[in-house]
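Note sheet for the following structure.
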Amino acid sequence: MNKYRDSIKKNLHCFILAPLFMILEASGEFILPYLNANMIDRGAAAGDIPYIRQNGLLMAAVAVVMLVSGVLGAWFAIRGSSRLAADVRGKTFRKIQKFSFANIDTFSTGSLITRITNDITQIQNFAQSLMRGCFRSPVMLIGGVCMSFALNPKLALVICAVIPVLALAIGLLIRTASPRYTVMQEKLDGLNNQINETITNERVIKSFVREESEKEKFAGINEVLMEKSISALKMMIFMQPISALAINVTTLAVVWFAGKQIMVGGMEVGTLTAFITYLSQILTALNFLANIFLQGTRAAASDRRISEILEAEVDLTDDHAAQKDKDIEKGEIAFQHVSFRYRKNSREKVLDDVNLTIQAGQFVGIVGSTGSGKTSLISLIPRLYDADEGTVLVDGTDVKDLSLKKLRDGVAVVLQKNTLFSGSIAENLRWGKEDATMEELVWACRIAHADEFIRSFPEGYETELEQGGTNLSGGQRQRLCIARALLKNPKILILDDSTSAVDMATDAGIRKAFREELQGMTKLIIAQRISSVIDADQIVVLDKGKIEDVGTHAELIKRCVTYQEIYYSQKEEA
């Protein structure tokens, strides 16, 4: 409930006025039948036209008040529930932005999308129904029962006998539906995961002519979701027939008993008409409350899923950082007995007792076979993950003692997956520096050897990119991502195999620009090609999470077997 408290306080007038107007509307529901009964029994029976006119005008006035109240109640309910959903969605999104990579690994992308959209929509719908019906229905229910007793106490006992039976049946439906809604939302997660994966990789699917396979896979997931949805929602299907049966049986019983009373003069026709109207209102109110409870059951399942995000413990924070105000000034890096696992209960270490020192301004290459721990090693520097054992130091300070903002402002990482966003090239580049001038954009792109191909476009730096930059080649995307990182003007630049898609000449040109123009910047480059790091100040050779050797190309080619194997295999391929 804490997650909704601030939003409810901020929009308290909506959460108060919506029920009040709905109560006012409901009050008219049991006033109108009473006035109608009087008009029939007293006015029509006696031929009293002035009385009929007076009651008719009064009923019209009540109807107008009910109309205005209903509209205002619905308006405030929609406004309040929409704002509540927007606030919770914003709070959930902000929490996701605080997640570390480890937290993100816990939730799938599809699940996060479902939770922040569909699940919050379920909560919004329930909040709206609650404001519109939670008070209105009880007023109709209690008012209808009271007016029924006022009209005919003996006949009202028939209603009192039906209400508990209907309530019990509804309770059983709700109890059955609750776990099914949770399963349904989980299957919706799976569907969104599949859609996200398919659409993201549409080009790969087409290149391998796997459309039919993907259609079959989607059809299977979609079928499961349909079955689970039917299983959950059929509880709502049973609600209407059960309520209709209760109304019809009760109406039949009332007409049976009332008919006898009318025949002996113990009851008037107008009273019977009003009584049947109250009966319908009572059972309708009970049915509406049941629907709210069912909707609440689904919302409760969604609420638990949202709470899982909001209550997730973010394992990377700077709450206890001892030097939050310290900036990275030099870019010196040290790993001291560092070990790391992605799964904390796993025995196998991704990195095992790593010791490494990198001087400020050095150009360091990192090589090794797939799965040797290269990406894991560099991920610990900007605290994308935290080491399980040992210490990672930047400028002599434990990275856990620095604020995340200061640390990540001083470290720029170009990850293996080159991500660009919809918008112009200039807008994408300014992710590195929001207020970057055109001269700064050109400087960064010139170093990354991107300026030439950008200027070849008719719109130049204002060229619009499709989502993910799919209208560029892989090499062009890589160079833009490098330029974007350079605009941060970091003290430490990390490239994770970020020149793999560029040709050898361009790769050499980028390295030359790094040496000439980024001399004060510490540069770490993970590379598959030895040629990309052959002139590095030192090259780190990783194997199975351990550092096998560190040295220059000349030193490693003499003494490191793993390095020799990589180098000569690539030389033969060339």
Original post:
Looking at side-chain heavy atoms only, is the closest gap between S339 and L351 below 4.5 Å?
Top reply: no

Subject >> Note, F363 side chain near L518 side chain (heavy atom, < 4.5 Å) >> reply: no

Original post:
Counting only heavy atoms not in D325, do more than 12 sit closer than 6.0 Å to its CG atom?
Top reply: no

**OP:** Taking all non-hydrogen atoms of both residues into account, name the closest pair between S498 and V414 and its distance.
**Re:** OG-O, 3.0 Å

Subject >> Candidates K433, R446, R430 - the one meeting salt bridge (Lys or Arg N to Asp or Glu O under 4.0 Å) with E440 >> reply: K433

**OP:** Check the pair T375, D497 against side chain to side chain contact (heavy atoms under 4.5 Å, CB included), reporting the backbone distance first and the verdict last.
**Re:** CA-CA 9 Å; T375 298; D497 200 19; over 6 Å; no

Subject >> side chain to side chain contact (heavy atoms under 4.5 Å, CB included) evaluation trace for R341 with E389 >> reply: CA-CA 10 Å; R341 302 176 183 84; E389 301 167 19; 3.9 Å; yes

Original post:
Donor-acceptor pair, Q538 side chain versus Q362 backbone, under 3.5 Å?
Top reply: no

**OP:** Could you please spell out the steps behind the side-chain hydrogen bond (donor to acceptor under 3.5 Å, both in side chains) verdict for N428 and Y461?
**Re:** CA-CA 10 Å; N428 271 272; Y461 281 81; over 6 Å; no

**OP:** Compare all side-chain heavy atoms of L472 with those of L420 and state whether any distance is below 4.5 angstrom.
**Re:** yes

**OP:** Output, in order, the C-alpha distance, side-chain angles, deciding distance and verdict of salt bridge (charged side-chain N to carboxylate O under 4.0 Å, His left out) for R529 and D507.
**Re:** CA-CA 10 Å; R529 297 187 304 218; D507 187 14; 3.0 Å; yes

Original post:
What is the distance from atom OG of S532 to atom CG of L495, rounded to the nearest 0.5 Å?
Top reply: 10.0 Å

**OP:** Could I get the full list of ring-ring contact (aromatic ring centres under 6.0 Å, His included) partners for H553, not counting sequence neighbours?
**Re:** Y563, Y567

Original post:
Below 4.5 Å, heavy atoms only, C-beta onward: do V394 and R383 meet side chain to side chain?
Top reply: no

Original post:
How about K349: does its NZ atom have over 12 heavy atoms from other parts shown lying under 6.0 Å from it?
Top reply: yes

Original post:
Taking all non-hydrogen atoms of both residues, which atom of V399 and which atom of I381 are closest, and how far apart?
Top reply: CG1-O, 3.6 Å

**OP:** Report, as yes or no, whether the 6.0 Å neighbourhood of atom CD on Q97 holds more than 12 heavy atoms from other residues, nucleotides or ligands.
**Re:** yes

**OP:** Drop me the distance from E452's CD to R455's CZ, to the nearest 0.5 angstrom.
**Re:** 10.5 Å

**OP:** Nearest 0.5 Å please: distance from the OG1 atom of T92 over to the CG atom of D87.
**Re:** 10.5 Å

Subject >> Working for side chain to side chain contact (heavy atoms under 4.5 Å, CB included), residues R94 and K91 >> reply: CA-CA 5 Å; R94 289 191 294 273; K91 188 180 294 185; 3.9 Å; yes

**OP:** Using ring-ring contact (aromatic ring centres under 6.0 Å, His included) as the criterion, list what pairs up with W443, not counting sequence neighbours.
**Re:** none

Please table the atom pairs, donor to acceptor, closer than 3.5 Å between any side-chain atom in residues 327-338 and protein atoms at least two apart or in another chain.
unit_1: D327; atom_1: OD1; unit_2: K406; atom_2: NZ; d: 3.0
unit_1: H337; atom_1: ND1; unit_2: D353; atom_2: OD1; d: 2.9
unit_1: H337; atom_1: ND1; unit_2: N355; atom_2: ND2; d: 3.4

Original post:
Got a sec, which residues hit ring-ring contact (aromatic ring centres under 6.0 Å, His included) with Y385, two or more places apart in sequence or on another chain?
Top reply: F101, F340, Y342

Original post:
Yes or no on side chain to side chain contact (heavy atoms under 4.5 Å, CB included) for L493 and L486, after CA distance, side-chain angles and deciding distance?
Top reply: CA-CA 8 Å; L493 175 66; L486 291 174; 3.7 Å; yes

**OP:** Tell me, yes or no, whether the heavy-atom count around K228 atom NZ, taken from other residues, nucleotides or ligands under 6.0 Å, exceeds 12.
**Re:** no

**OP:** Look up atom CG in L112 and atom CD1 in I96, then write down how far apart they are to the nearest 0.5 Å.
**Re:** 4.5 Å

**OP:** Could you tell me whether the side chain of D398 and the main chain of D401 form a donor-acceptor pair under 3.5 Å?
**Re:** no

Original post:
For P490 and G410, which heavy atoms make the closest approach, and how far apart are they?
Top reply: CB-O, 3.6 Å

Original post:
Do the non-hydrogen side-chain atoms of R484 and C481 ever get within less than 4.5 Å of each other?
Top reply: yes

Original post:
Is a side-chain N or O of E462 found less than 3.5 angstrom from the main chain of E459, in a donor-acceptor match?
Top reply: no

Subject >> I366 backbone acceptor or donor facing K374 side chain under 3.5 Å >> reply: no

**OP:** Starting at OG of S372, measure out to CD1 of I547 and round the result to the nearest 0.5 Å.
**Re:** 11.0 Å

Original post:
Side-chain contact, heavy-atom cut-off 4.5 Å: F514 with I482?
Top reply: yes

Subject >> With N489 via side-chain hydrogen bond (donor to acceptor under 3.5 Å, both in side chains) - residues at least two apart >> reply: none

Subject >> More than 12 heavy atoms of other groups within 6.0 Å of K512 NZ >> reply: no

Subject >> Expected output: side-chain Q323 to main-chain T397 donor-acceptor under 3.5 Å >> reply: no

**OP:** Starting from the C-alpha separation in whole Å, work towards a yes-or-no answer on salt bridge (charged side-chain N to carboxylate O under 4.0 Å, His left out) for K546 and D543.
**Re:** CA-CA 5 Å; K546 294 178 178 287; D543 185 38; over 6 Å; no

Original post:
Taking only residues at least two apart or on different chains, which pairs with a member in residues 397-431 satisfy ring-ring contact (aromatic ring centres under 6.0 Å, His included)?
Top reply: F421-W431

Subject >> Heavy atoms of other groups near E434 CD, more than 12 under 6.0 Å >> reply: no

Subject >> Minimum side-chain heavy-atom gap R89-T121 below 4.5 Å >> reply: yes

**OP:** State, to 0.1 Å, how close E466 and S422 come at their nearest heavy-atom pair, and which atoms those are.
**Re:** C-OG, 4.2 Å

Original post:
Just wondering, do L84 and N11 contact through their side chains at under 4.5 Å, heavy atoms?
Top reply: no

Original post:
Between K187 (side chain) and E227 (backbone), is there a donor-acceptor pair under 3.5 Å?
Top reply: no

Original post:
What are the two closest heavy atoms between K523 and M521, and how far apart are they?
Top reply: NZ-O, 2.5 Å

Original post:
Which atom pair, heavy atoms only, marks the closest approach of R479 to H449?
Top reply: NH1-O, 2.9 Å

Original post:
Does CE belonging to M226 count more than 12 external heavy atoms closer than 6.0 Å?
Top reply: yes

Subject >> Rounded distance [0.5 Å steps], CD1 in I378 versus CD1 in I494 >> reply: 5.0 Å

